[in-house]
Amino acid sequence: MSKVRVRFTPSPVGYLHVSNARIALINYLFARKHKGELLLRIEDCGKDRMTDEAFEQVTKDLRWLKIEWEEGPNKGGPYGPYRQSLRGKIYTERLNYLIEKKLVYPCYATQKELEQLYADQRQRGEKVHYDNRARNLSEAEKLEYENQGRKPVWRFKVEPQKIVFHDMLLGMMTFDTFEMNDFVVMNADHTPSPIFAITVDDAQMKISHVLWEQNHLQHIPAHILLFNALGYHIPQYGHFEMMYGVDSQPLYKQDLCDIYSCSHLRRNGFLPESIHNYLLLFGKDTLSSTTHKLDDFIEGFTVSPSTKTYVTFDPEALKKINRCCIQSADLIRIADLTLPYLKENKMISSNLAQGDYEYIIKVIDLIRNQVDSLAEINDYAGIFFFDYVALPNALTQKLSESLNQNILRAIDKVLDEEKDLVEVNVPFDEFCSRIVELTQADQGMIQSVLRWVLTGLEHGPELQNSTNYCQKKK
RNA sequence: GACCCCAUCGUCUAGUCAGGCCUAGGACACAGGGUUUUCAUCCCUGCAACAGGGGUUCGAAUCCCCUUGGGGUCGCCA
C-alpha cells in the first residue's frame, strides 16, 4: 500500500462541532495507526472565504482535541496552498486539460432558463436534472452566446456506464450514470465547483483515503469520473454515519446551533478526553467504564463495516463521561483548569498567594466528585469563598416547616451554649449528636437543614469537611 | 416529486454484511437496597426493546416483499 495520507477539511464558517470533531479524530487516528500523514485543507472555493479569525478558531479547537496535522495552511507542505481559494491557477490548468480532451463543454443557459426547466420537471414529478442541452452546441451558436455577453459554466460529459467502488464501511457500491446529469466543474465566475476542486486537490495532494460523512456519498460517482478523466488514482473511500442532534437533524445542517460546538463544550468545562472517549466509544460496552487517553486508541483503531446511516449525539452521555474524567484526572490539572471559572465569578483574585492555591486545591478536590463539568464547580464553590450566602425562596419555605423549625431552634440552642467555643471548632459529629438528643430527629434531616442554612444549596459536597466555615448563622 | 438509505429498552446504542453462541448485551434515566453518622458521590440489584404485516428456512433482530415512520441526494448551494 502506498503511503497513507488523509485529510480533514473544516468548513469556512470556522467552528468545529462534535460531528466534525469525530471525523477529524477518525482521520487523525487512521493516519497515526498507519504511520501516515494528516493534512488540513480549507474548502472555501465558494462564496464563503475563511477569515483568519475562523481559522484560528478551528485550529484552536483541533489543538484542544490534541489532533496534530503534518500539512496545512500556516504550516505549509509540498502540495500547497492548502486553501482552495488560493488554488485558482491549479483548477484553471486542470480545466484546460479537460477542455483539450473534449471531456467538458461550455453551457450558456441562464439561471432563469434553468429554473424554468427545473420547475417544469418538478411539476411533472420527474427527477430534477439538467437536460444536457448545451452538449452539442455548434461553434456558431457558442459565438452568438459569447456576443450576447453570456459567460459559460463548464460541464462534464457523463457517458452511460456503471461505476463500482468499494467503500470501507458500506462494502461494494454500484452506481449507474444513467441517473446523473452533466455536472458543473467550473462556475461562470470562474470558481471551481466543489466536486471539481475536491477531486483535483485530493489527487494533487496524494490523498490515499477519503474518510468523511455519508452526505458526500451521492457525489462519489462524479468524483470517480473526474479522477478517471484526469488520469488520477482513485482514493479509497470510507463513508461514516452522519451525526444527528437530539432533534433528529444532522449536525452539519445546524449552522446556528452552537450547543454542539467544541468551543462551547470547552468553555463549559468539558475535558478533551471526554470528547475522545465519547466520540470513539459510544455504543460500546467499554464506554464510561474506563477512560482512555487519545494515544490508547491508536493501536486498536480500525474502520469496520457498518450499514448505519446515522448516530445521535447524546449530551447526557457525554456529561456522564466528563464526570468520570474529572474524577480520575490529575487534581492539579483540574484545579488549574478550574481557576479561570473561579476568577470569572470573583471568588478568587487574579493574584494568588501560595496558601490560597493550596486551599483552592483542597476545595476543588472536595467538590469535583459532584459535578458533570468544571463550570459546575462554581455552583458549589460559593460557600468556600464568600462570607454570606443567599437563601433561595424554595429553601426558606422548606425551613419554615415545623419539624425543620424544631431543628433550627435546637441548632440555635446548641450554638448559644457553645458560644465561647464557636470560634474554636465544635467537632461536627458531636454537634450533630447534641441536636439529635434535643430533637429526636433523623440524622439525615438534621444534616440537610444544616446544609441548607450553611450553603443555601440543596445538594453539595460532603458536609463535615465543609464545616470549617461554620461561623455563619442564618 | 424522483432516486438511495435507515428503523432494537423511556434515551443513546451492541448484535444485522458472513441466520443458530440472543431466554437480545452495555451505558444513561428510573425504582429498590448497601457504604458514607448527611443530600449527593460510590457499589449492588431490578424495570424495560427487535416499528407493523407477510414470506424464505429445521431455525430470523439478522435474508426477501409490502405498509408506516425518519433521513440523505437531486442547483452556477457547499
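Bear in mind that the values here come from a model prediction, so they are computed numbers and not experimental data. Only heavy atoms go into these numbers, but all of them, side chains included; no hydrogens, no water, no symmetry mates. A note on names: the letters A, B, ... follow the listed sequences, proteins ahead of strands, and every chain is numbered from 1.
Between Thr312(A) and U13(B) there is a side-chain N or O to OP1 or OP2 distance below 4.0 Å. Checking the phosphate oxygens (OP1, OP2) of A27(B), no side-chain nitrogen or oxygen of Lys320(A) falls inside 4.0 Å. The phosphate of U13(B) (OP1 or OP2) has no side-chain N or O of Tyr278(A) nearer than 4.0 angstrom. The phosphate of A14(B) has OP1 or OP2 within less than 4.0 Å of a side-chain N or O from Lys308(A).
The distance between atom NE2 of His219(A) and atom C1' of C3(B), rounded to the nearest whole Å, is 14 Å. Between the CG atom of Leu170(A) and the P atom of C6(B) there is a distance of 9 Å, given to the nearest Å. Protein atom CG of Leu169(A) is 16 Å distant from nucleotide atom P of C17(B), rounded to whole Å. Atoms CD (Glu241(A)) and C1' (A7(B)) sit 15 Å apart, rounded to a whole Å. In this structure, CD of Glu115(A) is placed 12 Å from P of C77(B), rounded to the nearest angstrom. Distance CZ (Phe175(A)) to P (C74(B)): 12 Å, rounded to an integer number of Å. Counting to the nearest Å, the C1' atom of C76(B) and the CG atom of Leu95(A) are 14 Å from each other. Following rounding to the nearest Å, Asn20(A) (CG) and A78(B) (C1') show an atom-to-atom distance of 13 Å.
Comparing atom distances between the Gln327(A) side chain and each of C42(B), C28(B), A78(B) picks out C42(B) as nearest. Distance from the side chain of Glu316(A) is smallest to C28(B) among C76(B), C6(B), C28(B). Counting only heavy atoms from C-beta on, Asp314(A) has its side chain closest to U11(B) among A78(B), U11(B), C42(B). Distances were taken from every side-chain heavy atom of Met242(A) (C-beta onward) to each of U41(B), G72(B), A78(B); the shortest belongs to G72(B). Ranking C77(B), C12(B), A78(B) by closeness to the Asn187(A) side chain, first place goes to C77(B).
Heavy atoms of Met186(A) sit nowhere under 4.0 angstrom from any nucleic acid atom. Note on Tyr118(A): only backbone sugar-phosphate atoms sit closer than 4.0 angstrom, heavy atoms only; bases stay farther off. Across all strands, Glu43(A) comes closer than 4.0 Å only to sugar-phosphate atoms, never to a base (heavy-atom distances).
Judged as a salt bridge (charged side-chain N to carboxylate O under 4.0 Å, His left out), the pairs with a partner in residues 84-97 of chain A (not counting sequence neighbours) are, in order, Arg87(A)-Asp201(A). Listed by first and then second residue, the ring-ring contact (aromatic ring centres under 6.0 Å, His included) pairs involving residues 301-325 of chain A are Tyr244(A)-Tyr310(A), Tyr260(A)-Phe313(A), Tyr278(A)-Phe313(A) (not counting sequence neighbours).
RNA chain B is contacted by Val153(A), Arg155(A) of residues 152-164 of chain A, taking any non-hydrogen atom closer than 4.0 Å. Residues from residues 210-218 of chain A lying near RNA chain B, meaning a heavy-atom separation below 4.0 Å, are Asn215(A), Gln218(A) in numerical order.
Annotation: side chain to side chain donor-acceptor pair (under 3.5 Å) contacts of Glu159(A) (sequence neighbours excluded): none. Residues that satisfy the salt bridge (Lys or Arg N to Asp or Glu O under 4.0 Å) test with Glu213(A), not counting sequence neighbours, are absent from this structure. When the salt bridge (Lys or Arg N to Asp or Glu O under 4.0 Å) test is applied to Glu316(A), the partners found at least two apart in sequence or on another chain are Lys319(A).
Residue Lys157(A) places its NZ atom among more than 12 non-hydrogen atoms of other residues, nucleotides or ligands, all under 6.0 Å distant. Gln204(A) CD: more than 12 foreign heavy atoms inside a 6.0 Å radius.
Remark: A27(B) base-pairs with U11(B); criterion is Watson-Crick or G-U wobble with both hydrogen-bond distances under 3.5 Å. Look at G69(B): its Watson-Crick or wobble partner, with both distances under 3.5 angstrom, is C6(B). U56(B): no Watson-Crick or G-U partner with both key distances under 3.5 Å is found in any strand. Checking G1(B) for Watson-Crick or G-U wobble geometry (two distances, each under 3.5 Å) identifies C74(B) as its partner. Of all nucleotides present, none satisfies the Watson-Crick or G-U wobble test against C39(B) with each distance under 3.5 Å.
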After noting the C-alpha distance and the side-chain angles of Ser373(A) and Asn268(A), does the key distance pass the side-chain hydrogen bond (donor to acceptor under 3.5 Å, both in side chains) rule? CA-CA 7 Å; Ser373(A) 72; Asn268(A) 281 278; over 6 Å; no

Any chance you could lay out the side-chain hydrogen bond (donor to acceptor under 3.5 Å, both in side chains) test for His17(A) and Ser261(A), step after step, and finish with the verdict? CA-CA 4 Å; His17(A) 52 61; Ser261(A) 83; over 6 Å; no

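Remark: the separation of the P atoms in C9(B) and A48(B) is 14 Å, to the nearest Å. Spacing between G34(B) and U41(B) at atom P, rounded to whole Å, works out to 16 Å. Nucleotides C44(B) and U35(B) have their C1' atoms positioned 11 Å apart, rounded to a whole Å. Spacing between A31(B) and U67(B) at atom C1', rounded to whole Å, works out to 38 Å. Between the P atoms of G15(B) and G26(B), the separation comes to 15 Å (whole Å). Only the P atoms considered, G19(B) is 16 Å distant from G59(B), to the nearest whole Å. Nucleotides U16(B) and C21(B) place their P atoms 12 Å apart, quoted to the nearest Å. Of the C1' atoms belonging to C6(B) and A61(B), the separation is 15 Å, rounded to the nearest Å.
Here the two rings, on Phe297(A) and His276(A), have centers that are 6.0 Å apart or farther.
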Which pairs would a plain distance check flag for residues 104-112 of chain A, meaning a side-chain donor or acceptor within less than 3.5 Å of a matching protein atom at least two apart in sequence or in another chain?
unit_1, atom_1, unit_2, atom_2, d
Tyr105(A), OH, Asp182(A), OD2, 2.6
Tyr108(A), OH, Glu146(A), OE2, 2.6
Thr110(A), OG1, Glu113(A), N, 3.2

Can you list, pair by pair, the side-chain donor-acceptor contacts under 3.5 Å of residues 7-14 of chain A, counting residues two or more places apart and other chains?
unit_1, atom_1, unit_2, atom_2, d
Arg7(A), NE, Asp202(A), OD1, 2.9
Arg7(A), NH2, Asp202(A), OD2, 2.8
Ser11(A), OG, Val13(A), N, 3.2

